[in-house]
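Chain letters run A, B, ... following the sequence lines, proteins first and then strands; every chain starts at 1.
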Amino acid sequence: MPELPEVETVRRGLAPVLEGRRLVKVTARRPDLRKPLPVDLAQRLTGRTIVRIDRRAKYLLVRMDAPVVLLAHLGMSGRMLVFRPPLPPFDRHDHVIFDVEDGTQVRFRDPRRFGLMDLAEADAVDEHPFLASLGPEPLGEKFDGPALGRLLDGRNGPIKAALMDQKVVAGLGNIYVCEALFMAGLSPRRKASTVRGARADRLATAIHQVLEAAIAAGGSSLRDHRTPSGELGYFQHSFSVYGREGEPCPGCDCAAAVKRLVQSGRSTFYCSARQR
DNA sequence: CGGCAAACCTGCGAGC
DNA sequence: TGCTCGCAGGTTTGCC
């Protein structure tokens with residue numbers, strides 16, 4: 001499901017529910033997601049109070065009142081859902097359950113089980129294997145055209161693939177890469193290292209704008225994404241090209257239809273007239 | 001190191 | 001109605 005805007009939406013929904021509250025019980029209803037869960041997950045989190053929830057790329061960082069941090073990745077289909085009594089029966093894909101002192105229950109539900117959870121030591125979170133090789137945050141202060149140009153330097157593959165690589169920029173996925181390239185007028189096939197100067201400026205600006213707009217809309221709800229309170233994001237209505245193969249290219253007079261191609265096994269949507 | 005395909009797993013919509 | 005196929009917002013692994 002989730003790229004950076006969806007994870008940020010989840011973070012903002014969970015924060016008021018969990019921050020400052022104590023976990024009275026944590027339950028792993030199966031031993032693994034995409035990877036094995038820590039065997040002591042429940043034991044180390046039960047009784048802890050959540051101090052703060054942060055986000056790094058597509059990961060949630062749940063900081064506790066002890067030197068331990070829960071790292072969670074939603075994979076493709078993961079959700080964090082908040083329930084209050086009376087609690088509904090478990091769904092078969094409710095894998096990890098967090099019971100809060102006030103009776104609220106947060107469930108990590110993930111049908112495809114591409115999600116991840118692990119515990120990190122608080123003083124070495126950035127060195128955790130999940131986070132260690134991530135590139136910069138695209139909404140961070142240091143992310144601009146020149147910085148993006150340097151990240152793309154020497155990369156001979158297509159710009160689409162480079163932007164999907166979390167080591168280059170952390171948090172983009174298929175939707176927002178397609179949308180940002182459209183907004184910047186850059187072909188998804190363009191060699192990454194040629195995106196420098198004014199083109200890199202345009203692309204960095206486009207990435208920033210599309211992410212901010214998507215966060216403001218509560219993310220994009222295609223199939224799985226819900227805010228923790230169950231609401232839908234609505235940025236999917238603002239897609240220019242993603243999922244719009246065959247539709248007229250929006251917002252310009254090129255009169256071309258949106259095309260689809262496959263790069264690295266993923267669909268790319270673009271306008272061949274506008275994107276060069 | 002770069003780039004790509006496949007694998008991981010389940011669900012859903014389209015087409016027959 | 002029911003089956004098969006293709007596709008899905010991500011990451012990792014293994015192969016060239």
- Counting just side-chain N and O atoms, does S77(A) come under 4.0 Å of either OP1 or OP2 of dT10(B)? no

- Message: Does dT11(C) have its OP1 or OP2 closer than 4.0 Å to a side-chain nitrogen or oxygen of H73(A)?
- Response: yes

- Determine, for D165(A) against R155(A), whether the closest basic-nitrogen to carboxylate-oxygen distance falls under 4.0 angstrom. yes

- Atom-to-atom span, CG of L222(A) to P of dG11(B) - whole angstrom: 18 Å

- Message: What's Q166(A) touching, base or sugar-phosphate or nothing? Going by heavy atoms closer than 4.0 Å.
- Response: sugar-phosphate

- Taking any strand in view, what nucleotide pairs with dC9(B) in a Watson-Crick or G-U wobble way, both distances under 3.5 Å? none

- Task: Specify the separation, in whole Å, of atom CG of L33(A) and atom P of dT11(C).
- Result: 15 Å

- Item | dT11(C) pyrimidine/purine six-ring stacking with F114(A), under 5.5 Å and 30° | no

- Choose from dG11(B), dT11(C), dC4(B) the nucleotide whose nearest atom is closest to any side-chain atom of R34(A). dT11(C)

- Note on the structure: Picking from dG10(C), dA8(C), dC9(B), the nucleotide nearest the side-chain atoms of R113(A) would be dC9(B)

- Query: In Å, rounded to the nearest 0.5 Å, how long is the span from NE2 of H73(A) to CG of L60(A)?
  - Reply: 9.5 Å

- Calculate the interatomic distance between L116(A) atom CG and dT12(C) atom P; express it in whole Å. 7 Å

- Task: Verify the contact: side-chain N or O of S267(A) to OP1 or OP2 of dA8(C), cut-off strictly under 4.0 Å; return yes or no.
- Result: yes

- Task: Establish, for the pair R244(A) and F269(A), whether the NZ or CZ atom is under 6.0 angstrom from the six-membered ring centre and no further than 45 degrees off its axis.
- Result: no

- Message: Starting the side chain at C-beta, find the nucleotide from dT10(B), dT11(C), dC7(C) nearest to R260(A).
- Response: dC7(C)

- Note on the structure: In whole angstroms, the gap separating C1' of dA7(B) from NZ of K35(A) amounts to 14 Å

- Message: Salt bridge check, R56(A) against E137(A): does any charged N sit closer than 4.0 Å to a carboxylate O?
- Response: yes

- With the side chain of P111(A) defined as its heavy atoms from C-beta on, choose the nearest nucleotide among dG10(C), dT10(B), dA8(C). dT10(B)

- Query: R109(A) CZ to dG11(B) C1': how many Å, rounded?
  - Reply: 14 Å

- Message: Rounding to an integer number of Å, can you tell me how far K160(A) NZ sits from dG2(B) P?
- Response: 19 Å

- Message: If the cut-off is 4.0 Å, is H93(A) near the phosphate of dG11(B), judged by side-chain N/O to OP1 or OP2?
- Response: yes

- Message: One thing to verify: whether R29(A) and D94(A) come together as a salt bridge, which I'm taking to mean a side-chain N less than 4.0 angstrom from a carboxylate O.
- Response: no

- Item | Whole-Å P distance, dC3(C) and dC9(B) | 24 Å

- Determine the contact category for R266(A): base if any of its heavy atoms lies under 4.0 Å from a base atom, sugar-phosphate if only primed atoms, P, OP1 or OP2 are that close, otherwise nothing. base

- Message: Regarding R44(A) and E121(A), does a basic nitrogen lie under 4.0 Å from an acidic carboxylate oxygen?
- Response: yes

- For the pair made of CG in N174(A) and C1' in dT11(C), what is the distance, rounded to whole Å? 13 Å

- Task: Classify the side chain of R112(A) versus the base of dC9(B) as yes if they form a donor-acceptor pair under 3.5 Å and no if they do not.
- Result: yes

- For K167(A) and dG10(C), what is the distance between atoms NZ and P respectively, to the nearest whole Å? 15 Å

- Query: Taking the side chain of R92(A) as its heavy atoms from C-beta onward, which of dT11(C), dC4(B), dT10(B) lies nearest to it?
  - Reply: dT10(B)

